[in-house]
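Okay, structure first, notes after.
All residue numbers refer to positions in the sequence shown, counting from 1.
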Amino acid sequence: MAKGVQNGETRMTTQHSGFVHINGNIICAVDVETTGREPGYHEIVQIGILPLDSDLKPNEKLRPFYTTISPEHPERAERTATAIHNLDLVYLQKHAPDKWKVADLLDDWFQKLDLPFRKSIIPLSHNWAFEAGFLKAWLGMKSFNHFFHPHPRDSMLLALSLNDRAAMRGVEVYFPYVSLNRLCKCFKVRNENAHDALSDARAEAEIYRSLLNMYLD
């Protein structure tokens, strides 16, 4: 429960990133698990936000934000969604913090990142449009824009862009499938607890880093 923000945590130190072009913002891998596919109707039931260093690896100096969230409408859940993440919605209703409490915890965690004035999280995700839709429905646009920078990184879109580049050069595309699972297999990235928000966030960061490091002549 709110594993990234409890048990006597101390104030975090400012990140000094080698990414000069991000202008004092911080890149974090972001993933959510939900009760379905429709933001505003279905809900976030788990969130993981993993701060990254200038090598796009987990920043060991900064704690991730990682918690489950009690669903208000578990009856709306899609069976396919719950089968994927395998979270017990009845248990979460009884034991997880509600979305308002988690929003407060997120704000506390964000403040402890100690970012410069008006700087925010540059989200790195796999299909950011999906995550962003649910985060906006939960937080509202004002808070969403406060936490998250408008220039996201997206490992799925990067893989598709590399496919487009290959196609324009008349060579075989690199990635016939661009799901997180398929790309993990392609790059031999171990996602030890797939469909857990923090584990997926870690895998997404590694996939993005692997894509950037591909040798392209």
Side-chain angles (χ1 to χ4, degrees), residues 1-15 17 19 22 24-35 39 43-54 56-71 85 87 92 95-116 118-128 130-155 180 191-208:
M1 309 292 291
K3 295 178 183 178
V5 291
Q6 63 178 6
N7 297 332
E9 69 178 20
T10 58
R11 185 168 180 80
M12 300 174 182
T13 58
T14 302
Q15 183 200 42
S17 173
F19 277 20
I22 69 173
N25 298 288
I26 184 172
I27 298 180
C28 296
V30 181
D31 189 81
V32 299
E33 299 299 326
T34 70
T35 59
E43 305 166 87
I44 297 174
V45 287
Q46 190 181 64
I47 181 171
I49 305 178
L50 179 66
L52 304 174
D53 63 20
S54 57
L56 297 177
K57 294 182 178 181
N59 190 320
E60 300 299 333
K61 296 180 180 180
L62 301 176
R63 286 193 176 189
F65 184 79
Y66 176 49
T67 184
T68 50
I69 305 175
S70 176
H85 55 62
L87 291 168
L92 295 185
H95 300 287
D98 64 36
K99 63 181 182 180
W100 309 116
K101 175 63 175 177
V102 175
D104 289 340
L105 292 172
L106 176 60
D107 186 59
D108 290 343
W109 176 84
F110 179 80
Q111 296 302 321
K112 290 175 182 176
L113 291 175
D114 199 22
L115 298 177
R118 290 187 176 176
K119 301 302 179 179
S120 57
I121 294 167
I122 295 176
L124 187 163
S125 191
H126 195 79
N127 190 10
W128 174 241
F130 179 86
E131 264 77 14
F134 279 92
L135 290 167
K136 290 173 184 177
W138 165 40
L139 297 169
M141 286 302 301
K142 183 176 180 179
S143 291
F144 175 85
N145 289 330
H146 172 67
F147 291 129
F148 298 105
H149 194 274
H151 297 163
R153 280 30 174 197
D154 192 316
S155 50
L180 181 61
N191 188 0
E192 296 183 355
N193 193 13
H195 306 299
D196 169 86
L198 190 59
S199 184
D200 280 0
R202 190 180 301 272
E204 288 159 7
E206 185 63 25
I207 291 298
Y208 189 75

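- Side-chain N or O atoms of Ser125 include one that pairs as donor or acceptor with a backbone N or O of Val30 at under 3.5 Å.
- Within the 4.5 Å cutoff, the side chain of Trp138 has heavy atoms near those of the Leu106 side chain.
- Among Val102, Leu198, Asp108, Leu50, the one residue that satisfies the side-chain contact (heavy atoms from CB on, under 4.5 Å) test with Phe65 is Val102.
- In this structure, Asp114 CG and Lys112 NZ are separated by 12.0 Å, a value rounded to the nearest 0.5 Å.
- Nearest heavy-atom pair, Asp196 versus Gln46, reported as atom, atom and distance to 0.1 Å: OD1-NE2, 3.4 Å.
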Query raised in the report: Are Trp128 and Leu135 close enough, and set up right, to give a side chain to side chain contact (heavy atoms under 4.5 Å, CB included), and what steps lead you there?
Result: CA-CA 10 Å; Trp128 174 241; Leu135 290 167; 3.6 Å; yes

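- For Asn25 against Ser120, the heavy-atom pair with the smallest separation is OD1-N, 2.8 Å.
- To the nearest 0.5 Å, the span separating CG on Asn59 from CD1 on Ile27 amounts to 11.5 Å.
- For the atom pair Leu180 CG and Glu206 CD, the distance stands at 11.5 Å (nearest 0.5 Å).
- Between Gly24 and Pro116, the shortest heavy-atom contact is O-CD, 3.4 Å.
- Here His195 contributes atom NE2 and Asp31 contributes atom CG; the two are 10.0 Å apart, rounded to the nearest 0.5 Å.
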Could you go through residues 141-151 and list every donor-acceptor pair under 3.5 Å that involves a side-chain atom there, pairing it with any protein atom two or more places apart or in another chain?
| from | atom 1 | to | atom 2 | distance (Å) |
| --- | --- | --- | --- | --- |
| Asn145 | ND2 | Met141 | O | 3.1 |
| His149 | ND1 | His151 | N | 3.0 |

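- Taking the side chain as every heavy atom from C-beta outward, Arg202 and Pro58 approach each other to under 4.5 Å.
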Report task. Show the numbers, then the answer: is there a side chain to side chain contact (heavy atoms under 4.5 Å, CB included) between Asp200 and Glu33? Result -> CA-CA 10 Å; Asp200 280 0; Glu33 299 299 326; 3.4 Å; yes

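- The shortest heavy-atom contact between Ala201 and Ala29 is O-CB, 3.2 Å.
- Summarising the geometry of His85 relative to Val45, their closest heavy-atom pair is NE2-CG2, 4.0 Å, with the distance given to 0.1 Å.
- Taking all atoms of both residues into account, the shortest heavy-atom contact from Leu92 to Ile69 is CD1-O, 4.0 Å.
- The CD1 atom of Ile22 sits 7.5 Å away from atom CZ of Arg153, with the distance rounded to the nearest 0.5 Å.
- Atom CG of Asp107 is separated from atom CG of Leu105 by 9.5 Å, given to the nearest 0.5 angstrom.
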